[in-house]
Every structure is written in C-alpha cells, then in structure tokens.
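Below, chains carry the letters A, B, ... as their sequence lines are ordered, and counting in each starts from 1. What you see is a predicted model; the values in this text were computed from it and never measured.
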Number of protein chains: 2
Amino acid sequence: MEVSYRFVERVSAYRRMLRKLLSEGTTRVYSYELGALEGLSSAQVRRDLMTLGCTGSPSKGYDISAVIEKISELLDPPAGEGIAMVGVGHLGKAILAYATGRFANLCFSATFDSDPEKTGKIIHGCHCFPMQEMEEVLKTRPVAIGIITVPASAAQESAERLAAAGVRGIVNFAPVRLRLPREVFVEDVDITGLLEKVAFFARSRTQEGEGWT
Amino acid sequence: MEVSYRFVERVSAYRRMLRKLLSEGTTRVYSYELGALEGLSSAQVRRDLMTLGCTGSPSKGYDISAVIEKISELLDPPAGEGIAMVGVGHLGKAILAYATGRFANLCFSATFDSDPEKTGKIIHGCHCFPMQEMEEVLKTRPVAIGIITVPASAAQESAERLAAAGVRGIVNFAPVRLRLPREVFVEDVDITGLLEKVAFFARSRTQEGEGWT
DNA sequence: TGCATATTGTGAAATGAGTAACGCTGTGAT
DNA sequence: ATCACAGCGTTACTCATTTCACAATATGCA
C-alpha cells in the first residue's frame with residue numbers, strides 16, 4: 001500500500017491511544033472521540049480508518065480491537081527484525097530503557113560503542129560490542145534498523161557502515177544530515193532544531209487569542 | 001510574520017548548515033548548493049530565503065553571513081529566555097549535555113526531579129530542584145520553554161504545572177499526548193512512533209528502485 | 001413496525017505546500 | 001562595448017492532503 005508519512009504517524013498514534021482506551025475497559029470509539037483525543041477532525045479519523053480497511057457502525061462506532069488489529073497488520077514487521085544501536089551514551093541508554101520490549105517483531109539485537117568501559121557488557125538486556133566489530137557482528141545478527149546516537153563527527157561514518165551491512169532504515173539523533181543511498185530510509189531528529197521551533201512558536205503564540213485545544 | 005511549521009524547520013536546518021560552511025571558510029552559496037545539502041530543490045531554498053528577506057546575486061549567490069543574520073533575527077528570542085527541564089533521567093541528561101550553551105538568548109535555568117539523589121545538585125551546569133518546589137522556583141526564575149522527560153504517568157501533571165507557571169512552549173518526550181490550553185505550544189516527540197515509522201518505510205522501500213539521495 | 005437520530009462512508013471542494021518556468025540582472029569573456 | 005550565460009526573484013501552476021457535506025445505515029424507542 002502506498003501511504004503517506006503523515007498517515008503512518010497518525011496511525012501509530014491511534015494505536016497507542018486505542019491500546020490505552022482498551023486497557024481502561026473501553027471497547028468502542030466514535031471517530032469524533034478519537035479525533036478529539038488526538039487533536040484531529042472526525043473526518044480525518046474516518047478517512048484514515050477507511051484507508052486501513054476498518055469499518056464502523058453508526059450508533060456504535062468502531063471496534064477498538066479490530067482497529068488495533070488492522071493497524072498492527074500494517075505497521076508491524078511480518079517477521080522478526082533486529083535493531084542496532086550505535087552509541088550508548090545517555091541518549092542511547094534512555095532509548096534502550098524505554099523501547100526495549102515494546103515492539104512486535106522488532107527488538108534490539110546489538111549495541112555498539114567505542115568506550116572500552118562499556119563494550120563487552122550487557123546494557124539494558126542487550127550486548128554492547130566495540131565499534132570496530134560492527135561488520136562482523138552484523139553478519140551473525142542481521143538488523144533492519146539502526147539508531148545513531150554518537151557525536152556528530154562519527155555519525156556519517158557509522159551510518160555508512162550500517163548501510164553497507166544491510167540496514168534499511170536509520171534514526172539519526174546526531175546533529176548532522178546523513179547522506180546515504182536512497183534505498184536507506186533516514187529520519188534525522190534534530191533536538192536543537194526542535195527547541196528552536198518550540199521557542200519560536202511559543203513566542204508567536206503568546207499574543208494570539210486564547211482557547212483550548 | 002505568519003510562517004509555517006515546515007518553514008521554521010527548514011530555516012533552522014539552513015542555519016546549522018550555513019554555520020558549518022562558514023566555519024569551513026565558505027562565504028557564499030548558491031540556492032542549488034544549499035538545496036543539495038539539505039535534500040531540497042533550489043526553488044524551495046530561493047523561496048525560503050525570499051521569505052526571510054534575503055537577497056542574493058546572480059553569479060555570486062547568497063552571502064552566508066547575511067542569511068545567518070536574517071535567520072537569527074527570526075528564530076532567536078529578542079531577550080533572554082529560560083528553559084526548564086522536568087525529569088533528569090538519561091534522556092534529560094543527554095539533552096542537557098548536548099544543548100547547553102548552544103542557543104542565543106535561550107538557556108537552561110532550572111531542572112526538576114523527584115529523586116532526592118539528584119535534587120540539590122548541579123547537573124551539567126544547571127541546578128536540580130525537587131519536583132514539589134517547581135512553582136516556587138519558577139517565580140524567581142521565569143521560564144518560557146519546558147522540556148518533559150518524566151515517565152508517562154507524571155507527564156500530564158508536570159505539563160499543567162509548567163503551563164500554570166507561565167510556560168508557553170513544551171517539548172514532551174513522554175509517550176502520552178498532552179492536553180493543554182491552546183496558548184501553550186506543545187510538541188510531542190514519540191520515540192516509539194518514530195521507530196515504527198522508520199521500520200515501516202524501511203520495509204516499503206526495500207523493493208523499490210535504487211539511486212542516491 | 002416504523003420513525004427519529006446520530007454516525008458512518010465517501011465524492012467533491014478547499015486548502016496549502018512545493019515545483020516549474022521564465023523574465024531579469026549582474027558578471028566575465030570576447 | 002557587447003554578448004552569452006548562470007542564477008536570482010517571482011508568478012502561476014500542480015499535486016497531495018484535509019475538510020465539507022450529505023446520502024446511506026444502523027440502532028433505540030414509541
């Protein structure tokens with residue numbers, strides 16, 4: 001299916017919210033309810049659910065479990081895939097601690113660091129290898145996704161080595177824009193830029209009209 | 001000026017790149033050069049620079065310093081603004097370490113944590129206060145921006161207390177969607193969702209045509 | 001049973017972001 | 001001095017995404 005980036009983003013958020021609702025005992029939702037929770041219009045929600053192939057009923061809404069099922073069919077890898085984390089500083093540890101075990105068919109299979117204090121140890125349940133063994137390790141533990149949390153100066157090289165080892169998607173937290181072959185999907189996360197944006201819009205919003213989201 | 005979110009994002013990225021070029025001794029760029037570096041069309045770059053009020057010259061391009069100056073006028077707060085960080089775990093420390101001192105007129109003025117092991121100390125140059133003193137502290141150290149890196153269960157409450165204390169922009173790393181009055185600009189960063197998206201597009205791209213970005 | 005009502009499903013319109021295209025301008029070569 | 005040309009500034013257009021609007025439909029109640 002050819003779907004847009006924003007669509008995947010929303011759908012992932014739907015699933016998180018729907019799981020929460022389900023855990024609280026709710027079994028059905030209306031499009032306008034989910035829309036209000038996500039800050040979207042009901043039409044947007046209906047259209048997305050339609051794209052997913054979900055079908056609701058007037059006066060009962062959508063069955064939450066069924067929607068979660070459809071989203072999982074779309075988002076979750078059909079078979080197990082590995083994640084490699086390059087750089088196990090504070091940020092890397094934070095992500096490991098938070099994300100470990102949260103995905104279906106997607107788990108951390110190796111971490112890499114250049115610091116001998118860290119290598120050879122198990123960090124948050126995942127073995128940490130020295131940087132120079134990356135190619136070797138990735139032969140026996142193939143990974144689909146790489147997460148880069150090394151300093152800017154080491155990011156491009158790390159990315160190229162991951163790509164050469166067969167990684168097809170990279171989340172980059174280092175403050176540089178990675179240059180990689182097009183078949184590798186790269187998501188650059190610029191935390192500095194994030195703060196600049198929020199500071200800007202916080203200011204521009206200060207003088208605007210009040211109200212609630 | 002009424003500008004779009006994407007515009008601010010691009011402009012922030014331009015500045016980062018232009019500063020790097022400047023530090024390497026380059027003083028002028030063509031729109032197509034900057035575009036290639038950022039993965040954008042030259043038309044997009046020219047249009048953005050036009051919006052910023054920059055003017056270039058055919059056969060010499062744009063003066064990098066002048067563009068940086070214009071971007072800074074737009075993005076940087078006109079006077080000093082404070083940032084508060086709520087939650088000083090791995091993620092909080094990572095952001096503090098990386099972002100401290102990188103902004104013009106924007107600096108960390110307080111951090112908060114509920115762990116008595118951390119409170120009372122100076123972390124990455126910034127004082128850490130106990131959570132319950134937030135209101136009191138923010139009276140003497142007014143802040144414009146808040147960063148939330150607490151667990152999901154504490155995020156909404158933290159956000160409301162920040163908002164009540166006058167914060168006008170929040171970056172939320174906790175995996176919940178914050179519900180706040182509209183005058184507070186909220187940017188939710190969902191790291192789980194990020195990984196799901198990258199995993200999805202990595203898969204969908206695997207069978208596509210090759211080529212370079 | 002049949003009506004009233006609230007919500008779904010979806011074509012059509014509106015919005016908005018990005019691209020193409022082209023006249024204009026300044027530079028360097030002849 | 002004139003010409004050729006490469007890139008800027010800007011307008012018009014294209015295309016994707018979102019919203020509008022309404023017929024279709026399922027439920028509850030009289």
> Does the side chain to side chain donor-acceptor pair (under 3.5 Å) test come out yes or no for B:Glu187 and B:Tyr5, once each step is laid out?
Replying inline: CA-CA 11 Å; B:Glu187 176 83 16; B:Tyr5 189 79; 2.6 Å; yes

> Just checking A:Tyr62: base, sugar-phosphate only, or nothing, at a heavy-atom cut-off of under 4.0 Å?
Replying inline: sugar-phosphate

> What closest approach, in Å, do A:Leu91 and A:Phe173 show between heavy atoms, and which atom pair accounts for it?
Replying inline: CD2-CB, 3.5 Å

Given atom [atom1] of [X] and atom [atom2] of [N], what is their separation to the nearest angstrom?
{"X": "B:Asp63", "N": "D:dG7", "atom1": "CG", "atom2": "P", "value": "18 Å"}
{"X": "B:Lys60", "N": "C:dG28", "atom1": "NZ", "atom2": "C1'", "value": "13 Å"}
{"X": "A:Arg28", "N": "D:dT27", "atom1": "CZ", "atom2": "C1'", "value": "12 Å"}
{"X": "A:Glu9", "N": "D:dT18", "atom1": "CD", "atom2": "P", "value": "10 Å"}
{"X": "A:Glu33", "N": "C:dA6", "atom1": "CD", "atom2": "P", "value": "14 Å"}
{"X": "B:Tyr30", "N": "D:dG9", "atom1": "OH", "atom2": "P", "value": "13 Å"}

>> For a side chain to side chain donor-acceptor pair (under 3.5 Å) check, start with the C-alpha distance between A:Asp76 and A:Asn105, then their side-chain angles and the critical distance, and finish with the verdict.
In response: CA-CA 7 Å; A:Asp76 292 339; A:Asn105 285 334; over 6 Å; no

>> Can you list, in residue-number order, the parts of residues 40-59 of chain A that come under 4.0 Å of DNA chain C, counting heavy atoms only?
In response: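 Correct list: A:Arg46, A:Arg47, A:Met50, A:Thr55, A:Gly56, A:Ser57, A:Pro58, A:Ser59.
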
>> Tell me every residue that passes side chain to side chain donor-acceptor pair (under 3.5 Å) with A:Tyr30, counting only those two or more places apart in sequence or in another chain.
In response: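 Here no residue qualifies.
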
> Do the side-chain N and O atoms of B:Thr192 and A:Tyr98 include a donor-acceptor pair separated by under 3.5 angstrom?
Replying inline: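 Distance-only check passes for B:Thr192 and A:Tyr98.
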
>> Counting only side-chain nitrogens and oxygens, does B:Tyr32 get under 4.0 Å of the OP1 or OP2 atom of D:dG7?
In response: yes

>> Can you see if the side chain of B:Arg6 gets near the phosphate of C:dG16 - specifically, an N or O under 4.0 Å from OP1 or OP2?
In response: no

> Parallel, tilted or perpendicular: which fits the ring planes of A:His90 and B:His90, with parallel below 30° and perpendicular above 60°?
Replying inline: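 The rings of A:His90 and B:His90 sit tilted, inter-plane angle from 30° to 60°.
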
